[in-house]
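Remember, it's a predicted structure, so these values are computed and weren't measured experimentally. Just so we're on the same page: letters track the sequence lines, and every chain starts at 1.
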Amino acid sequence: MDLTNKTRNAGTADGAGLETREMMLNIGPAHPAMHGIVRLVAKLEGELIKDVDVEIGYLHRGFEKMSENVDYNGVIPYTDRLNYVSPIINNVGYCMAVEKLIGISVPERCHYVRVILSEISRVSDHLTCVGATAMELGAFTVFLYLIKAREFLWELIESVVGARLTVTYCRVGGVKSDLPDDFAERCRAAFAETREAISESRGLVERNRIFTDRMEGTGVLSEADAIAYGITGPFLRASGASYDVRKDCPYAIYEQLDFDIPVGTKGDNMDRFLVRVEEMEQSMRIAEQALADLPPGPIMADPETGRAIPAAEMVDLAKVGDIPAISGGCAVTGPTLEGTGRANKASISTDEKRVTLPPKEDTYGNIEGLMRQFKLVMMGHGLRPPPGEVYFPVEGANGELGFYVVSDGSGRAYRVRVRPPCFAIMSALPKLLKGDMVADIVPTFGAVNMIGGELDR
Amino acid sequence: MDAGALIAFVTKRVPEAVASSHAWRGDATLVLRREHLIETARVLRDDAALAMNLLVDLTAVDYSTHGESPVPAFFSSSGVSTRTDSSIPDENPWPGPPLGAHFAVVYHFFSTTLTHRLRLVVPLAAADEEVDTVSAIWPAANWLEREAWDMFGIRFNGHPDPRRILMYEEFEGPPLRKDYPVNARQPLIGPEN
């Protein structure tokens with residue numbers, strides 16, 4: 001892009017020449033409206049944008065290089081930090097890619113748990129995006145209402161995983177822990193609060209003249225252009241194409257669930273806003289169906305012995321070698337290890353011994369468990385898939401989130417490539433912004449939902 | 001079309017372009033010869049039976065140290081039985097990285113109308129990392145090829161804007177190559193005031 005100022009003479013009707021110049025305006029990288037950090041160098045003529053150069057990479061942390069230097073399960077914390085507003089979806093995508101590479105499948109309850117938490121994560125991502133978009137147009141109340149709703153969802157995730165944002169929930173071959181007992185009621189309560197917040201926010205902005213004037217007709221992208229730029233997700237669906245990975249290339253248990261895909265018509269910012277709002281409702285619908293159909297969970301006590309032993313006692317008995325006292329027992333653990341014991345393992349992890357860690361009762365209780373733990377954890381051993389390459393797409397909050405994993409048979413991935421959905425959308429940003437006014441950058445950029453962690457990795 | 005049918009169709013359509021193919025784990029994959037990339041790309045997008053209108057991903061892999069790891073695989077076909085899921089096809093082991101290739105440029109395509117996927121692999125030799133650009137066919141390739149140039153140093157002939165995209169301009173060396181050490185530090189220090 002040529003950044004020199006050009007001087008031109010614009011003639012008026014009465015013949016007097018007006019000298020005009022194009023102005024270069026640097027927006028970012030530190031700018032309140034630039035979600036995350038990105039730099040737009042805009043060439044303006046008055047308020048009209050003639051050209052935009054988008055500069056990214058400020059949050060590049062070397063995800064792909066680091067993934068080659070840790071083992072397969074060690075990549076999962078890195079995946080949390082990709083799209084950090086919906087981290088569970090990243091975890092699920094990566095773990096399912098590695099499971100496809102190895103060629104194993106997980107128990108059905110594990111699929112349901114992953115789907116439920118993915119949809120909760122998706123709702124929290126859309127809440128953030130919709131709230132931030134509205135806030136930048138001046139509707140600060142909407143932002144606060146939706147962030148309040150997001151808090152309920154994050155409390156819910158914290159009760160399952162232990163963390164609100166950097167969850168590291170999935171493992172190759174399963175998930176870290178099972179859902180707590182009261183999850184279904186708390187989930188319904190959280191959804192009720194979320195629905196109320198969303199409907200209040202819609203009432204505030206959807207028919208507000210200022211909001212609609214700024215959002216309708218700005219940032220228009222046709223369906224053909226969107227597909228040509230590789231755009232997927234709510235951004236593409238707002239332009240008219242109904243491609244959703246959950247429907248067209250279903251994974252986990254999405255085929256058994258009943259949900260709709262909202263599709264827009266005009267491809268402007270208002271359509272993107274409405275598509276996201278409607279998708280939140282559909283995500284909650286998916287999660288509620290999955291909760292209703294959830295296969296039965298942990299067996300509360302081992303049917304042979306029927307004993308539950310406090311975990312600390314079990315470890316002490318193991319250390320002194322009193323194995324008969326604890327063999328077959330299930331441990332009662334505290335909040336950190338809750339849901340990871342022998343009772344839960346069968347329902348949330350594959351039983352393939354070369355992939356998942358044994359329950360702690362077996363690690364401390366018998367030699368087979370100890371050997372299995374050793375072979376998976378110690379350096380030089382570990383989870384080793386066959387050599388090969390796979391690509392596995394999941395529906396992220398911004399679009400198709402795909403993981404391309406190449407393995408060479410060792411314990412570390414040879415190449416992990418994440419296909420970031422907002423990369424494609426950001427590459428189309430010059431096309432979206434050209435011809436619009438400077439003030440239209442704000443709603444368009446808000447509708448893009450650029451997440452720096454995913455864009456730059 | 002499923003993976004096998006896709007491979008057969010494309011191989012019949014552009015036979016001189018396809019060097020080999022496989023469908024490991026159900027992913028239809030074609031290894032292409034570099035000089036036929038543009039022709040094959042046009043066929044993929046324009047042929048009504050393929051209709052690959054979405055360029056999903058364009059990336060590269062540095063295969064220079066593949067298979068050098070001394071630890072044998074647990075799941076290799078060495079007689080160790082593995083309980084694999086029956087719905088994932090595993091008749092043939094992976095053929096391995098494209099023969100003799102130092103780099104491979106990997107394209108993933110998807111058709112939104114016919115919902116089928118395809119992967120193209122274009123192998124490149126060590127001192128010859130050059131490929132034609134497909135950004136005239138799919139504008140999505142513009143930024144993706146810039147990233148492949150930035151991270152791997154692969155040149156794309158005819159690219160309208162060959163600049164780094166993620167790293168800063170003064171950065172030295174393509175960082176994702178296997179010979180770039182993971183703990184190298186090149187901090188960008190601002191001007192002295």
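For a residue to count as touching a neighbouring chain, one of its non-hydrogen atoms must lie under 4.5 Å from one of that chain's; by this rule B/L55 touches chain A with the backbone only. Using a 4.5 Å cut-off between heavy atoms, A/Y391 contacts chain B through both its backbone and its side chain. A/V390 touches chain B through backbone and side chain together, each having a heavy atom under 4.5 Å away. Contacts of B/S135 with chain A are absent, with no heavy-atom separation under 4.5 Å from either backbone or side chain. Of the atoms belonging to B/N142, not a single heavy atom falls under 4.5 Å from chain A. Within the 4.5 angstrom heavy-atom criterion, only backbone atoms of A/S407 (N, CA, C, O) approach chain B. Only the side chain of A/E68 has a heavy atom closer than 4.5 Å to any heavy atom of chain B. Only the side chain of B/H22 comes within contact range of chain A, with at least one heavy atom under 4.5 Å from a heavy atom of that chain. Using a 4.5 Å cut-off between heavy atoms, B/I137 does not touch chain A at all. At a 4.5 Å heavy-atom cutoff, the contact between A/A228 and chain B is made by backbone and side-chain atoms alike. Interface remark: A/F392 contributes no atoms to any contact with chain B (heavy atom separation under 4.5 Å). For B/R45, no part lies near chain A; criterion is any non-hydrogen pair under 4.5 Å. Using a 4.5 Å cut-off between heavy atoms, B/A104 makes no contact with chain A at all. Interface residue B/F110: only side-chain heavy atoms are found under 4.5 Å from chain A. For chain B, the nearby part of A/I231 is the backbone; its heavy atoms alone come within less than 4.5 Å. For a residue to count as touching a neighbouring chain, one of its non-hydrogen atoms must lie under 4.5 Å from one of that chain's; by this rule A/E400 touches chain B with the side chain only. Both the backbone and the side chain of A/D456 come within contact range of chain B, with heavy atoms under 4.5 Å apart. Within the 4.5 angstrom heavy-atom criterion, only side-chain atoms of A/P393, from C-beta onward, approach chain B.
The candidate from A/I227, A/L455, A/D248, A/T232 with the greatest count of non-hydrogen atom pairs under 4.5 Å with chain B is A/I227. For chain A, the option among B/L58, B/L144, B/T29 with the highest count of heavy-atom pairs below 4.5 Å is B/L144. Annotation: maximal heavy-atom pairing with chain B below 4.5 Å, among A/G402, A/G62, A/G388, occurs at A/G388. Heavy-atom pairs under 4.5 Å with chain B peak, among A/F423, A/Y414, A/Y229, at A/Y414. Counting heavy-atom pairs closer than 4.5 Å to chain B, the top-ranked of the candidates A/E389, A/M426, A/E55 is A/E389.
Between B/V105 and B/F103, every side-chain heavy-atom pair lies at or beyond the 4.5 Å cut-off. The shortest distance between side-chain heavy atoms of B/D128 and B/R34 falls below 4.5 Å. Considering only heavy atoms from C-beta on, A/I102 comes within 4.5 Å of A/L383 through its side chain. Contact annotation: the side chain of A/T356 never approaches that of A/E352 to less than 4.5 Å [non-hydrogen atoms, C-beta and beyond]. Side-chain contact check for B/H116 versus B/M52: some heavy-atom pair is nearer than 4.5 Å. Counting heavy atoms from C-beta on, the side chains of A/V416 and A/Y78 never come closer than 4.5 Å.
Listed for the B/D150 side chain is a donor-acceptor partner under 3.5 Å among the backbone atoms of B/I165. Put simply, the side chain of A/R237 gets close to the backbone of A/Y243: a donor and an acceptor are under 3.5 Å apart.
Between A/K353 and A/E368 there is no salt bridge, since none of the side-chain N atoms of the basic residue sits less than 4.0 Å from a carboxylate O of the acidic one. Of the charged side-chain nitrogens involved, at least one lies within less than 4.0 Å of a carboxylate oxygen, so that B/D161 and B/R163 count as a salt-bridged pair. Salt-bridge check for B/R164 with B/E169: failed, with every basic side-chain N at 4.0 Å or more from each acidic carboxylate O. Here A/D244 pairs with A/R246 in a salt bridge; the nearest charged N to carboxylate O distance falls below 4.0 Å.
Using cut-offs of 30° and 60° on the angle between ring planes, the pair B/Y63 and B/H66 is perpendicular.
With ring centers used as reference points, B/F156 lies 6.0 Å or more from B/W149.
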